[in-house]
Amino acid sequence: MRILPAALAALLATTTMAVQAKTITVTLVNGHPPVFRWVKHLQETFVPAVNKALEGSDIRIEWKQQYGGSLAKVGEELEAAQDGVADVALVPTIFEPAKLPLQNVTYYTPFVSTDPGVVTHAVQEVQSKIPAMAKAWEANDVVYIGGGFGLDDYLLFTKFPVKSVADLKGRKIGTPGPSINWMKGTGAVGVAGNLTEYYNSLQTGLYDGVVTFATAALPAKIQEVAPYITQVGYGAQYSGGIAANKDWYDAQPEALKKALKTGAQAFEKAYTDDLRKATQAALDELVAKGGKLNPDSAALRGAYAKVLEDPTKGWIAELQKQKLPAKQVLDAYMKEVRAAGAKPVRDWDRN
């Protein structure tokens with residue numbers, strides 16, 4: 001068969017492009033299993049969006065997705081990215097109060113907003129304006145590429161009914177990261193924990209209750225071991241974002257850097273939209289599967305917020321010693337959420 005010159009040229013060009021195409025292996029990490037929404041959207045949104053953004057380029061990614069503690073446990077994601085064990089990680093800042101203290105501003109300001117989109121956007125706006133927040137990522141040898149994710153309104157799940165704040169006295173409540181501060185002044189005893197071990201700890205009696213959110217409590221089946229659900233109004237929380245090992249990131253071609261940021265933007269939007277739709281449905285299903293909503297939740301909210309020791313005071317004082325602008329971050333964050341329509345039960349910047 002005779003090949004025409006034009007066809008031969010096209011064939012050679014295609015072969016050359018195939019030879020020149022660069023395959024880059026990217027190890028992507030999060031400590032939680034795919035049953036949780038943020039991991040699901042790494043798989044279903046972030047990865048496909050990055051791949052799509054690279055279409056037409058000479059870059060192909062070979063993904064190594066490591067979830068559920070296979071490469072890094074919950075709370076080890078930042079270290080994994082820092083050490084180069086992971087190239088890219090979804091980092092839950094909630095478990096990094098020492099390394100990323102300013103990013104944890106929402107966990108020191110409960111009772112502000114139950115909308116995760118409002119909270120996440122506010123934190124990212126503040127982070128873009130206050131250099132110390134970006135420098136915190138850089139100090140840990142990672143580059144923040146976006147993909148901020150929030151968590152829906154935190155609820156109080158207990159093995160016992162809560163009719164007043166006094167019912168919490170002496171009770172051991174499992175809490176994630178800095179939200180242990182939400183117990184101070186209530187009489188409850190906060191115990192540091194996380195979603196992966198809540199069920200067993202409740203079942204064995206290590207905890208009398210836990211603080212978590214509906215969309216995570218449902219897959220974790222928390223209502224089976226702590227059926228009483230009080231909508232205290234702790235609020236939605238900023239929980240982290242996507243970061244890359246700095247040395248690895250700096251060595252990548254601009255097309256890949258841009259694609260990662262595009263993927264992070266797609267992840268943030270899809271995740272937040274999904275979360276908003278899923279929150280009420282999750283709460284309804286928790287009740288359908290044995291959970292009991294506390295009819296006194298609204299009355300309890302004001303009483304709880306009133307007795308709670310101000311978490312911002314110690315946070316600001318500690319970070320001032322480190323020359324970190326915690327008060328500036330607090331003021332800017334509260335300004336952002338109010339501008340978005342939030343009506344805080346307590347005005348932490350005006351105490």
Side-chain angles (χ1 to χ4, degrees), residues 30 32 36-42 44-46 49 77-78 88-97 100-130 132-134 136-137 142-155 176-179 182 195 211-216 233-244 260-280 282 326 329-344 348-349:
N30 184 257
H32 286 96
F36 293 106
R37 182 166 278 97
W38 49 92
V39 181
K40 182 185 85 166
H41 278 287
L42 284 178
E44 298 179 5
T45 304
F46 176 68
E77 295 92 345
L78 179 62
V88 180
L90 182 64
V91 177
T93 51
I94 175 179
F95 298 116
E96 300 293 350
L100 297 168
L102 296 173
Q103 278 74 8
N104 273 290
V105 59
T106 69
Y107 282 92
Y108 293 92
T109 51
F111 302 103
V112 166
S113 172
T114 59
D115 188 326
V118 167
V119 168
T120 299
H121 179 74
V123 171
Q124 299 212 118
E125 280 296 298
V126 175
Q127 183 169 257
S128 70
K129 296 170 184 174
I130 298 180
M133 293 186 77
W137 293 98
V142 297
V143 175
Y144 182 77
I145 60 176
F149 73 107
L151 304 173
D152 45 299
D153 184 24
Y154 272 74
L155 311 171
S179 62
W182 302 347
L195 274 165
V211 170
T212 190
F213 41 100
T215 59
Y234 292 124
Q237 304 294 322
Y238 171 79
S239 197
I242 301 172
L260 288 169
K261 289 180 179 178
T262 298
Q265 289 173 351
F267 167 88
E268 182 175 335
K269 183 179 187 310
Y271 169 83
T272 302
D273 289 347
D274 186 10
L275 180 62
R276 281 174 167 153
K277 292 174 186 174
T279 301
Q280 185 59 50
V329 169
L330 170 65
D331 292 347
Y333 170 68
M334 294 298 290
K335 181 179 178 182
E336 289 287 346
V337 291
R338 286 195 195 98
K343 299 185 184 305
W348 303 108
D349 56 334

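This structure is a prediction, so every number in the text was calculated from the model and none was measured.
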Kindly say whether [Y] contributes a backbone atom to a donor-acceptor pair with the side chain of [X] at under 3.5 angstrom?
X: Thr120; Y: Gly150; answer: yes
X: Trp348; Y: Val112; answer: no
X: Gln103; Y: Met133; answer: yes
X: Thr93; Y: Ser239; answer: yes
X: Asn30; Y: Ala89; answer: no
X: Asp153; Y: Gly235; answer: yes
X: Thr272; Y: Lys269; answer: no

Report the C-alpha separation of Leu78 and Val142 in whole Å, then their side-chain angles, then the decisive distance to 0.1 Å, and conclude whether the side-chain contact (heavy atoms from CB on, under 4.5 Å) test is met. CA-CA 8 Å; Leu78 179 62; Val142 297; 3.9 Å; yes
Identify, with sequence neighbours excluded, every residue that meets side chain to side chain donor-acceptor pair (under 3.5 Å) alongside Tyr108. none
With sequence neighbours left out, write down each residue that passes side chain to side chain donor-acceptor pair (under 3.5 Å) with Glu268, or none if nothing qualifies. Gln124
Return each pair, listed once, that meets salt bridge (charged side-chain N to carboxylate O under 4.0 Å, His left out) where at least one residue sits in residues 103-127; pairs must be two or more places apart or across chains.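 Non-adjacent pairs meeting salt bridge (charged side-chain N to carboxylate O under 4.0 Å, His left out): Asp115-Arg276, Glu125-Lys129.
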What's the shortest heavy-atom distance between [X] and [Y], and which atoms?
X: Met334; Y: Pro344; result: CE-CG, 3.8 Å
X: Phe95; Y: Gly177; result: CE2-N, 4.3 Å
X: Gly146; Y: Ala264; result: C-CB, 3.7 Å
X: Pro178; Y: Tyr107; result: CG-CB, 3.5 Å
X: Gly147; Y: Leu90; result: O-CD1, 4.3 Å
X: Val118; Y: Ala340; result: CG1-CB, 3.7 Å

From [X] atom [atom1] to [Y] atom [atom2], the distance as rounded to the nearest 0.5 Å:
X: Phe149; Y: Arg37; atom1: CZ; atom2: CZ; value: 12.5 Å
X: Thr45; Y: Asp274; atom1: OG1; atom2: CG; value: 8.0 Å
X: Ile145; Y: Gln265; atom1: CD1; atom2: CD; value: 10.5 Å
X: Leu195; Y: Phe213; atom1: CG; atom2: CZ; value: 5.0 Å
X: Ser113; Y: Glu336; atom1: OG; atom2: CD; value: 13.0 Å
X: His41; Y: Leu275; atom1: NE2; atom2: CG; value: 8.5 Å

So His32 and Phe36, would you call those rings parallel, tilted or perpendicular, with 30° and 60° as cut-offs? perpendicular
Does NZ in Lys261 sit with more than 12 non-hydrogen atoms of other residues, nucleotides or ligands closer than 6.0 Å?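 No - once you tally the heavy atoms of other residues, nucleotides and ligands closer than 6.0 Å, there are 12 at most.
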Is there a side-chain contact between Tyr333 and Thr106 in this structure, where contact means two heavy atoms from C-beta onward sitting under 4.5 Å apart? yes
Within the structure provided, determine whether Ile94 and Asn104 are in side-chain contact (heavy-atom separation under 4.5 Å).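 Yes; the side chains approach each other to less than 4.5 Å.
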Would you check, one step at a time, whether the test side-chain contact (heavy atoms from CB on, under 4.5 Å) holds for Ile242 with Val91? CA-CA 6 Å; Ile242 301 172; Val91 177; over 6 Å; no
Between Tyr154 and Trp182, is the gap from one ring center to the other below 6.0 Å? yes
